[in-house]
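Chain letters run A, B, ... following the sequence lines, proteins first and then strands; every chain starts at 1.
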Amino acid sequence: MSKPINYIGLQTYLKHCIGVLPDRYKSQESNRLTLVYFTVSAFDLLDKLELLQSQRDDIIDMVYSLQVLPDESGSNLARCGFRGSSLIGNPWNPQCVRVTTPISISLSQSNRHTDRIVRYLSFSIVNRMARSPWIPPGQQPTQVLQHDYAHIANTYVALCILKIFGDDYSRVNRDAITAGLRALQNADGRFERNRSRYPGGSS
Amino acid sequence: MIHWPTRMIDRWHGHDGLSSFSALASGSESDLRFVFCAAAISSLLNDWSGVDIDRATNYILSCQV
């Protein structure tokens, strides 16, 4: 007879994962959102979402902070959707404010505080914190970063996480996501995973 | 006024531009997993304007062995 599922142990493990992932997952940083989805959906399957109630709004904000937004001209529409993590250095922007002001303009108008923020942004590729880099209230989000693009699987799991938590998708830029999808479909009907110029595996 | 990227417009209208796109994304994978993602996203958003359903369906059928 197979061993029964240890539900208490499983819940403890999942609670741990939603806070700090085990070390062996560190190579998956660029797909952190997928790991969040696995954890959140596990709580959902166990019918224990109430254990995440205190973190619900924070997780929703974290998901929205990973949305790749179109710039004013729509020049990056083909790259829109959700990215897998904050490693590329975008500012914390859970309200999904449209991107309008380039970093260079922010710098020329900046005070010392903003200088520090921008300097931090440029080094944040090693950052592992979901909430950073942070942009203070009143500051504009930054320009579209050159290598910032969504990943179709992370767009999927982002919408799933929001759905599981009963979010109303009010901050989802639907037009940008469908434009991103159109850009990923090939002539023969299949889809690419993202708009990276660089070939690679299915990370 | 939104200026749509040329490659995307090419894609919508089925013009050439596909070859240049393939070159750009050479080595990038594209298969049923991502068709699933696209379909799931469209279903969740209740908006299928991002997917050419006929082409996607034909591709899915072509995967049958």
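- Comparing B/Val35, B/Leu32, B/Asp54, B/Ile53 by heavy-atom pairs within less than 4.5 Å of chain A, the highest count is held by B/Val35.
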(message) If you apply the rule side-chain contact (heavy atoms from CB on, under 4.5 Å), what do you find for A/Cys160 with B/Leu44, and how did you get there?
(response) CA-CA 8 Å; A/Cys160 286; B/Leu44 285 163; 4.0 Å; yes
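- The contact between A/Val172 and chain B is made entirely by side chain atoms (from C-beta outward), counting heavy-atom distances below 4.5 Å.
- Within a 6.0 Å radius of CG in A/Asn6, other residues, nucleotides and ligands contribute more than 12 heavy atoms.
- Around the CG atom of A/Asp168, the shell of radius 6.0 Å holds more than 12 heavy atoms that belong to other residues, nucleotides or ligands.
- Judged by distance alone, with hydrogens and angles left aside, the side-chain atoms of A/Arg174 form no donor-acceptor pair with the main-chain N or O of B/Asp47 at under 3.5 Å.
- The line from CZ of B/Phe34 to CD of A/Glu192 is 9.0 Å long, rounded to the nearest 0.5 Å.
- Annotation for B/Ser42 and A/Leu181: closest pair OG-CD1, 3.7 Å, computed over non-hydrogen atoms.
- At least one donor-acceptor pair closer than 3.5 Å links the side chain of B/Arg55 to the backbone N or O of A/Asn186.
- If you measure heavy-atom distances from A/Ile177 to chain B, the contacts under 4.5 Å come from the side chain alone.
- B/Asp31 touches chain A through its backbone: at least one of N, CA, C or O sits under 4.5 Å from a heavy atom, while the side chain does not.
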(request) Could you go through the side-chain contact (heavy atoms from CB on, under 4.5 Å) check for A/Arg193 and B/Cys37 one step at a time? (result) CA-CA 9 Å; A/Arg193 68 182 191 282; B/Cys37 289; over 6 Å; no
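- Scored by the ring-ring contact (aromatic ring centres under 6.0 Å, His included) test, B/Phe36 finds A/Tyr156 as partners (sequence neighbours excluded).
- Residues B/Leu45 and A/Tyr169 meet the side-chain proximity criterion, which asks for heavy atoms closer than 4.5 Å.
- Annotation: residues 56-65 of chain B contacts chain A through B/Ala56, B/Tyr59 [non-hydrogen atoms, separation under 4.5 Å].
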